[in-house]
Peer 1: 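One structure, as structure tokens, below. Some questions next.
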Amino acid sequence: MLTNGPRGTNDILPQEVGKWHILEGKIRAWCERYRFGEIRTPIFEHTELFLRGVGETTDIVEKEMYTFTDRGDRSITLRPEGTASTVRAFLQHKLAGQAPLQKMYYMGPMFRYDRPQAGRYRQFHQFGVEMLGSSEAIADAETIVIALDILKELGLNDLEVHINSIGCPQCRQVHKEKLMEFLGDRLSELCPDCVSRFERNPLRILDCKNKKCQAIVSDAPAVMTCLCDECRTHFEKLQSYLQKLNVKYEVDTNLVRGLDYYTKTVFEIMYSGLGAQSTVCGGGRYDGLVEECGGPSTPAVGFAMGLERVLLTLEKMDIQLAVPQGIDLFIASMGEEAQVEAFSLLHQCRAHGLKAEMDYRKRSLKAQMKQANKLGAEKVVILGEEELNKGQAIIRLMETGEQLEVELSQLTEKLKG
RNA sequence: GUGGGUGUAGCCAAACGGUUAAGGCGCUGGAUUGUGGUUCCAGUAUUCGUGGGUUCGAUUCCCAUCACUCACCCCA
């Protein structure tokens, strides 16, 4: 208990945090180019926000939320996703009044009480983008494209992009009726999960992984066939934008997403090498959500990217992020007096911007040299009593083994060069 | 929530129902007293996730429990 973190959580140790920094850095840089502004919302919200925002019948809400009552008797939930909070903040701060189109991104931990598995954790990290205020398909395209640009820069070129349209609520109603009619007499052939889905969310039967269900569903009416004119042209426009930018994608008419708020466009970026959790990035349009949360009708699109999954994909593809390593300087000292001097020197070097380290345990010179080597020090300053008495120090260039004696007063100058 | 697999040192990893639990990596120290990366030597688990049971005897067999892991479900 004491020596184990809670199930489904991970410590990111100093030796592995470097790749997170790089990943986050690249994400931020791309968001700046695309002019998405970062929004940082609280990690917990009123439970109601997610009930409304994510949807009461979703698995997330029904069985995956970390919900508790705080000391003021409020029901609080650790955020399971980022869109609801972003929309809440958008309304709370009346951002629409500042500019009719808002482009925002968030990055941080999310919480879902799932059974942990490859690429799935109880605390995990998402980066997500939201564009509020445009109903145009070009906005859908923009979100897909920024995701791809980021993944591409990381070296992930060949991920699959799946897109679909699940229509507006009207198209969906038409489709739902047709679908239920189609599946009605085949209920007995479906898997138990699908039978229960039939009542709650028949659309989800379309992406059941059960082979038998897939066979049945392959002849089922696709949402695509029920789209109204507006939804149809929206989807066509999206595709023409993607084609214009040479984005390779597949229309996957069985692609359905599990959150209630999606309308029209849905998409996923996947890497099959990840196992069961192959979706690296998923999103879509959610034109009804802002209104659902009590705001004015506002069209919006967005996606969320699972950072652990991105990192996992990089690992599977054997791609290393270039984490800088090595230090500029190691100061080795011998004797109490020299160590005091070394400490002061170290301090000065750091003030001059050098990445510098010393030994804190009075170890032998040999041990200190070994440590310097292990740390990848470019230079080592050697400071013993002899040098101290002469007012000098030795600078050793580790690569060549070349050494020179330098006056202490000139040391930091020499080291910078 | 359901099902499968695994559980030996910081990491990887053997062995075996029975005296002192291989090896490798890593780490630490040393190879004449103040110098790294190679090499060599030495040290590094009174203990085999935890708790029961079977047995003359269990790390090895059984049960439970916990943890990890994979799959279903769902999703990032």
Side-chain angles (χ1 to χ4, degrees), chain A residues 1 3-10 13 15 54 57-65 79-83 106-128 147 191-194 196-197 200-201 204 207-210 213 256-259 262 266 268-271 274-283 302-313 330 332-335 338 359 361 363-388 394-403:
Chain A
M1 263 313 232
T3 53
N4 279 97
R7 186 149 206 222
T9 64
N10 290 111
L13 303 175
Q15 67 235 33
V54 180
T57 64
T58 58
D59 275 30
I60 293 181
V61 168
E62 281 186 349
K63 47 189 201 193
E64 296 176 3
M65 296 207 303
R79 63 181 189 193
E81 56 104 61
T83 302
Y106 58 82
M107 184 152 53
M110 305 293 166
F111 307 84
R112 259 122 98 159
Y113 190 87
D114 257 9
R115 190 100 171 246
Q117 168 185 339
R120 195 172 76 188
Y121 313 99
R122 288 184 176 176
Q123 176 173 166
F124 61 102
H125 297 81
Q126 282 187 336
F127 150 62
C191 71
D193 286 323
C194 281
S196 75
R197 281 195 273 245
R200 302 170 47 218
N201 193 351
R204 293 217 58 88
D207 69 351
C208 180
K209 280 172 193 149
N210 184 301
C213 296
V256 168
R257 314 225 67 248
L259 280 68
Y262 287 112
V266 291
E268 286 188 5
I269 301 175
M270 20 220 286
Y271 172 59
L274 282 186
Q277 268 61 48
S278 56
T279 303
V280 169
C281 176
F303 69 73
M305 188 182 283
L307 299 188
E308 281 84 356
R309 289 187 188 176
V310 171
L311 257 14
L312 220 53
T313 304
F330 187 93
S333 64
M334 284 148 290
D359 170 67
R361 291 179 296 173
R363 299 201 299 161
S364 70
L365 179 59
K366 184 186 179 123
Q368 293 184 62
M369 292 304 291
K370 271 192 179 180
Q371 192 187 349
N373 186 247
K374 204 165 72 177
L375 294 175
E378 190 187 318
K379 294 170 186 162
V380 173
V381 164
I382 299 170
L383 191 62
E385 276 172 52
E386 282 176 34
E387 288 76 23
L388 208 55
I394 296 169
I395 297 178
R396 179 180 177 89
L397 304 177
M398 291 299 272
E399 191 141 347
T400 59
E402 186 188 339
Q403 297 196 167

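Quantities reported herein were computed from a predicted structural model and do not represent experimental measurements.
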Peer 1: Starting at atom CG of A/Asn4, determine the distance to atom C1' of B/G7, rounded to an integer number of angstrom.
Peer 2: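 Taking CG of A/Asn4 and C1' of B/G7, I get 12 Å after rounding.
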
Peer 1: Can you see whether A/Tyr113 has A/Arg122 sitting over its ring - NZ or CZ less than 6.0 Å from the centre and within 45° of the normal?
Peer 2: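 So A/Arg122 does make the cation-pi contact.
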
Peer 1: Using modelled atom types only, decide if a donor and an acceptor are shared between the side chain of A/Ser364 and the backbone of A/Ala367 within a distance under 3.5 Å.
Peer 2: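 Yes, the answer is positive, given that a donor and an acceptor are paired below the 3.5 Å cut-off.
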
Peer 1: Considering only side-chain heavy atoms of A/Lys366, which listed nucleotide, B/C68, B/C75, B/A31, is closest?
Peer 2: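 Comparing B/C68, B/C75, B/A31 against the side chain of A/Lys366, the answer is B/A31.
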
Peer 1: Using the C1' atom as the point on both nucleotides, what is the distance between B/C70 and B/C63, in whole Å?
Peer 2: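 Result for the C1' pair: 24 Å, nearest Å.
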
Peer 1: Heavy atoms under 4.0 Å, any strand shown: does A/Ala372 hit a base, just sugar-phosphate, or nothing?
Peer 2: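 Here A/Ala372 touches no strand at all.
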
Peer 1: Can you tell which of B/G36, B/G34, B/U69 lies closest to the side chain of A/Leu365?
Peer 2: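 Closest of the options to the side chain of A/Leu365: B/G34.
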
Peer 1: Do A/Tyr106 and A/Thr83 have side chains that approach each other closer than 4.5 Å (heavy atoms only, starting at C-beta)?
Peer 2: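 A/Tyr106 vs A/Thr83: side chains touch.
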
Peer 1: Which base, if any, makes a Watson-Crick or G-U wobble pair with B/C68, both distances under 3.5 Å?
Peer 2: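 Its partner is B/G5 (Watson-Crick or G-U wobble, both distances under 3.5 Å).
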
Peer 1: Can you tell me how far C1' in B/G49 sits from the matching atom in B/U6, rounded to whole Å?
Peer 2: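 After rounding to an integer number of Å, I get 11 Å for this pair.
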
Peer 1: Spell out, as yes or no, whether a donor-acceptor pair under 3.5 Å connects the side chain of A/Gln368 to the backbone of A/Arg363.
Peer 2: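 Yes: the side chain of A/Gln368 pairs with the backbone of A/Arg363.
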
Peer 1: When you compare B/C75 with B/C11, how far apart are their P atoms, in angstrom units rounded to a whole number?
Peer 2: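 So the two P atoms sit 36 Å from each other.
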
Peer 1: Round to a whole Å and report the spacing from CD1 of A/Ile394 to C1' of B/G34.
Peer 2: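 Roughly 9 Å, once rounded to whole Å.
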
Peer 1: Would a distance-only check, ignoring hydrogens and angles, find a side-chain to backbone donor-acceptor pair under 3.5 Å from A/Arg309 to A/Gly119?
Peer 2: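 Side chain of A/Arg309 to backbone of A/Gly119, a donor-acceptor pair under 3.5 Å: yes, one is there.
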
Peer 1: Taking any strand in view, what nucleotide pairs with B/U59 in a Watson-Crick or G-U wobble way, both distances under 3.5 Å?
Peer 2: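 Per the H-bond distance test, none.
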
Peer 1: May I ask you to verify whether the side chain of A/Gln117 and the base of B/U69 hold a donor-acceptor pair under 3.5 Å?
Peer 2: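 Result: no qualifying N/O pair found.
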
Peer 1: Does a distance-only test, which skips hydrogens and angles, find a donor-acceptor pair under 3.5 Å between the side chain of A/Gln368 and the base of B/G34?
Peer 2: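 Answer no: no donor N or O sits under 3.5 Å from an acceptor.
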
Peer 1: Whole-Å distance between B/C73 P and A/Arg257 CZ?
Peer 2: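 My rounded result for the distance is 15 Å.
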
Peer 1: Check this for me: does the side-chain of A/Arg120 come within 3.5 Å of the base of B/C70 through a donor and an acceptor?
Peer 2: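 No.
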
Peer 1: Taking atom C1' in both B/C48 and B/A9, what distance in whole Å separates the two?
Peer 2: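 Result for the C1' pair: 10 Å, nearest Å.
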
Peer 1: Go through the steps for A/Glu81 and A/Arg112 under the test salt bridge (Lys or Arg N to Asp or Glu O under 4.0 Å), then give the verdict.
Peer 2: CA-CA 9 Å; A/Glu81 56 104 61; A/Arg112 259 122 98 159; over 6 Å; no

Peer 1: Counting the atoms with a prime plus P, OP1 and OP2 as sugar-phosphate, which does A/Phe303 contact under 4.0 Å by heavy atoms, base, sugar-phosphate, or nothing?
Peer 2: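 Nothing, no heavy atom under 4.0 Å.
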
Peer 1: Using the C1' atom as the point on both nucleotides, what is the distance between B/G10 and B/A15, in whole Å?
Peer 2: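 The answer is 22 Å between these two C1' atoms.
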
Peer 1: Between atom CZ in A/Arg115 and atom P in B/C68, what is the gap in whole Å?
Peer 2: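 In whole Å, B/C68 P and A/Arg115 CZ are 10 Å from each other.
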
Peer 1: What is the distance, rounded to the nearest whole Å, between atom CD of A/Glu399 and atom P of B/U35?
Peer 2: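 Taking atom P of B/U35 as the reference, CD of A/Glu399 is at 22 Å.
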
Peer 1: How close or far is atom P of B/C27 from atom CG of A/Asn373, stated in whole angstroms?
Peer 2: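 Rounded to whole Å, this separation is 11 Å.
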
Peer 1: Between A/Asn10 and A/Val256, which is nearer to the 5' end of RNA chain B once each is assigned its nearest nucleotide?
Peer 2: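 Nearer the 5' end of the strand: A/Asn10.
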
Peer 1: Nearest to the side chain of A/Ala304, heavy atoms from C-beta on, is which of B/C27, B/G36, B/A76?
Peer 2: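 Ranking B/C27, B/G36, B/A76 by closest atom to the A/Ala304 side chain puts B/A76 first.
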
Peer 1: What interatomic distance, in whole Å, is found between C1' of B/G7 and the corresponding atom of B/U50?
Peer 2: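 That atom pair is separated by 11 Å.
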
Peer 1: On a whole-Å scale, what distance lies between the C1' atoms belonging to B/U32 and B/G24?
Peer 2: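 Pairwise C1' distance, B/U32 against B/G24, rounds to 31 Å.
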
Peer 1: Checking the side chain of A/Glu308 only, and the main-chain atoms of A/His125 only, is there a donor and an acceptor separated by less than 3.5 Å?
Peer 2: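 Yes, A/Glu308 side chain to A/His125 backbone: donor-acceptor pair under 3.5 Å.
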
Peer 1: Give A/Gln277 one of three labels, base, sugar-phosphate or nothing, depending on what nucleic acid heavy atoms sit under 4.0 Å from its own.
Peer 2: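 Base contact.
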
Peer 1: Between the base of B/G36 and the side chain of A/Arg396, is there any donor-acceptor pair under 3.5 Å?
Peer 2: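 Under the 3.5 Å cut-off, the side chain and the base do form a donor-acceptor pair.
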
Peer 1: Using a cut-off of 4.0 Å on non-hydrogen atoms, how would the nucleic acid contact of A/Val280 be classed: base, sugar-phosphate, or nothing?
Peer 2: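 If one applies the 4.0 Å heavy-atom cut-off, A/Val280 turns out to touch the sugar-phosphate alone, with no base involved.
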
Peer 1: On RNA chain B, check which nucleotide each of A/Leu274 and A/Thr400 is closest to and give me the residue with the more 5' one.
Peer 2: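 So the residue in question is A/Thr400.
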
Peer 1: What's A/Arg363 touching, base or sugar-phosphate or nothing? Going by heavy atoms closer than 4.0 Å.
Peer 2: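 Here A/Arg363 touches the backbone only, sparing every base.
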
Peer 1: When the P atoms of B/U69 and B/U60 are compared, how many Å lie between them, rounded to an integer?
Peer 2: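 After rounding to an integer number of Å, I get 24 Å for this pair.
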
Peer 1: Nearest-Å distance, CD1 (A/Ile269) to P (B/C75)?
Peer 2: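 My rounded result for the distance is 18 Å.
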
Peer 1: Between B/C27 atom P and A/Gln371 atom CD, what is the distance in whole Å?
Peer 2: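 Atom CD in A/Gln371 sits about 11 Å away from atom P in B/C27.
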
Peer 1: When both hydrogen-bonding distances must be under 3.5 Å and the geometry is Watson-Crick or G-U wobble, what is B/C16 paired with, if anything?
Peer 2: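 None - no nucleotide pairs with B/C16, as no candidate has both distances under 3.5 Å.
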
Peer 1: Using both distances under 3.5 Å as the test, list the Watson-Crick or G-U wobble partner of B/C40, or none.
Peer 2: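 Across all strands, the one nucleotide that pairs with B/C40 is B/G30.
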
